[in-house]
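Computed from a prediction, not measured in an experiment: that's the story for all the values here. All residue numbers in this chain count up from 1 along the given sequence.
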Amino acid sequence: MASSDELPGPYPARDGGEIPPGDPTTMKTMMIDKGAAMLQSLKPIKQMSLHMCSFACYGHDPSRQIEVHFYVHRVNEDFLQCAVYDCDSAKTHLIGIEYILSERLFESLSSEEQKLWHSHDYEIQTGLLVTPRVPELVAKQELQNIAKSYGKFWCTWQTDRGDKLPLGAPALMMSPQDVNMGKIKPGLLKKRDDEYGISTESVKMSRGEILGLERKNPMADYWVHHGKGLAVDIVETDMKKCAPFP
């Protein structure tokens, strides 16, 4: 089973209906949820302090492109972790996770690991990545930092191909790039801009002072430099049968 466009088997979950399928939430369940929210701290969720909207391409097929919404938790100055959704409405779907590293941490990784990561400078300098409802002047310093970072994004729910449930293997995602297959489709871009009442072209013009990486590592954006995509295969393997304790 691979994270490719070939479906590994029949999936009735794609046959019409809601995403995901299921009975409507009852009033009893809603009351239980509200009660739990009042009693629990939900500390990990409350650490998310920034919403970014951009686009991503599938690592094995850059022509498959999606709009993505990152909700960012800053762990420290060199490491961010993001929950990724397919929109910013109350009925959004959690479709993956992205980790973001500073250039310093990225350079400490092995070359095999670096293949899984992508750069961010192009999508920021061209206005593809925005911080909805936050003025550019306020967001500028954060955008400058991210423009010099690398990300690793795993998509666990391919809603764009009609999956009603999270199915199959996770797919490695890549950022838009200034090459033919890495350029975002105009229709997808217009839909996002109309939703937020912005102009990507105007945003791009306002970011002339944002600098990217001085020397971009050639192992990042692997498909651009090497012409090879990356996909996940799930294979059977022998289990370890020794307990880690006496």
Side-chain angles (χ1 to χ4, degrees), residues 3 43-60 62 65-86 94-132 134 136 138-157 169-179 182 184 207 209-226 228-232:
S3 57
K43 288 181 181 179
I45 304 300
K46 292 179 180 177
Q47 302 311 305
M48 294 180 183
S49 58
L50 178 65
H51 168 210
M52 303 187 299
C53 175
S54 188
F55 303 90
C57 311
Y58 282 85
H60 63 280
Q65 304 173 349
I66 57 174
E67 179 181 321
V68 284
H69 295 261
F70 304 95
Y71 289 84
V72 184
H73 168 197
R74 185 191 311 282
V75 178
N76 56 45
E77 289 297 319
D78 292 274
F79 186 89
L80 308 178
Q81 53 191 17
C82 315
V84 186
Y85 294 84
D86 59 0
L94 178 65
I95 63 170
I97 54 173
E98 175 159 351
Y99 300 105
I100 298 176
L101 297 182
S102 67
E103 181 180 16
R104 179 176 68 86
L105 290 185
F106 177 80
E107 292 298 340
S108 71
L109 302 176
S110 69
S111 58
E112 283 300 304
E113 174 62 28
Q114 289 174 342
K115 290 180 182 180
L116 307 178
W117 297 72
H118 58 262
S119 62
H120 292 125
D121 51 353
Y122 174 76
E123 60 182 317
I124 289 179
Q125 292 171 334
T126 57
L128 295 173
L129 186 150
V130 297
T131 53
V134 177
E136 280 288 299
V138 176
K140 186 173 182 179
Q141 184 56 54
E142 185 65 71
L143 294 171
Q144 177 63 79
N145 292 338
I146 296 174
K148 294 186 176 183
S149 69
Y150 294 92
K152 180 165 70 171
F153 173 11
W154 290 106
C155 177
T156 55
W157 189 352
L172 184 67
M173 307 297 283
M174 295 298 167
S175 60
Q177 298 294 328
D178 191 20
V179 294
I184 297 303
R207 295 184 179 177
E209 298 179 358
I210 293 182
L211 302 177
L213 296 155
E214 291 185 15
R215 176 191 170 278
K216 191 178 297 185
N217 191 301
M219 296 307 292
D221 307 318
Y222 189 78
W223 65 276
V224 174
H225 303 294
H226 302 273
K228 296 289 186 179
L230 298 169
V232 174

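In this structure, the separation between OH on Tyr58 and SG on Cys155 is 4.0 Å, given to the nearest 0.5 Å. To the nearest 0.5 angstrom, Ser108 atom OG is 11.5 Å from Glu103 atom CD. Atom NZ of Lys228 and atom NZ of Lys115 lie 11.0 Å apart (nearest 0.5 Å). Annotation: the span from Glu113 atom CD to Phe106 atom CZ amounts to 8.5 Å, rounded to 0.5 Å. Atom CD1 of Ile97 is separated from atom CD of Gln81 by 9.0 Å, given to the nearest 0.5 angstrom. Here the CD atom belonging to Gln177 is positioned 10.0 Å from the CG atom belonging to Leu128, to the nearest 0.5 angstrom.
A 4.5 Å side-chain heavy-atom check between His118 and Tyr150 finds every atom pair outside the cut-off. Annotation: side chain of Asn217 is in contact with side chain of Gln114 (closest heavy-atom distance under 4.5 Å). When side chains are defined from C-beta on, Leu109 does not count as touching Leu116, because their heavy atoms never get closer than 4.5 Å. For the pair Trp154/Val84, no side-chain contact is recorded, criterion being any heavy-atom separation below 4.5 Å from C-beta on. Between Tyr99 and Val75 the shortest side-chain heavy-atom distance does not fall below 4.5 Å. Contact annotation: the side chain of Ile95 never approaches that of Tyr85 to less than 4.5 Å [non-hydrogen atoms, C-beta and beyond]. Side-chain contact between Ile100 and His120: present, with at least one pair of heavy atoms (C-beta onward) separated by less than 4.5 Å. With contacts defined as side-chain heavy-atom distances shorter than 4.5 Å, the pair Phe153/Val68 qualifies.
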Working for side-chain contact (heavy atoms from CB on, under 4.5 Å), residues Leu94 and Tyr71: CA-CA 10 Å; Leu94 178 65; Tyr71 289 84; over 6 Å; no

Residue pair Leu129, Leu143: steps toward the side-chain contact (heavy atoms from CB on, under 4.5 Å) verdict: CA-CA 9 Å; Leu129 186 150; Leu143 294 171; 3.7 Å; yes

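Asp121 meets the salt bridge (charged side-chain N to carboxylate O under 4.0 Å, His left out) test with Lys216; sequence neighbours excluded. Residues satisfying the salt bridge (charged side-chain N to carboxylate O under 4.0 Å, His left out) criterion with Glu77, sequence neighbours excluded, are absent altogether. In this view, Trp157 and His93 satisfy the ring pair (Phe, Tyr, Trp, His ring centres under 6.0 Å) rule, not counting sequence neighbours. By the salt bridge (charged side-chain N to carboxylate O under 4.0 Å, His left out) test, Glu136 pairs with Arg207, sequence neighbours left out. Remark: Glu209 pairs with Lys140 by the salt bridge (charged side-chain N to carboxylate O under 4.0 Å, His left out) rule, at least two apart or across chains.
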May I have the list of side-chain donor-acceptor pairs in residues 46-56 shorter than 3.5 Å, sequence neighbours left out?
unit_1: Lys46; atom_1: NZ; unit_2: Ser41; atom_2: O; d: 3.2
unit_1: Gln47; atom_1: NE2; unit_2: Lys43; atom_2: O; d: 3.1
unit_1: His51; atom_1: NE2; unit_2: His69; atom_2: ND1; d: 2.9
unit_1: Ser54; atom_1: OG; unit_2: Glu123; atom_2: OE1; d: 2.4

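Minimum interatomic distance between Ala147 and Ile210 (heavy atoms only, all atoms of both residues): CB-CG2, 3.9 Å. The shortest non-hydrogen separation linking Cys57 to Ile184 is SG-CD1, 4.5 Å.
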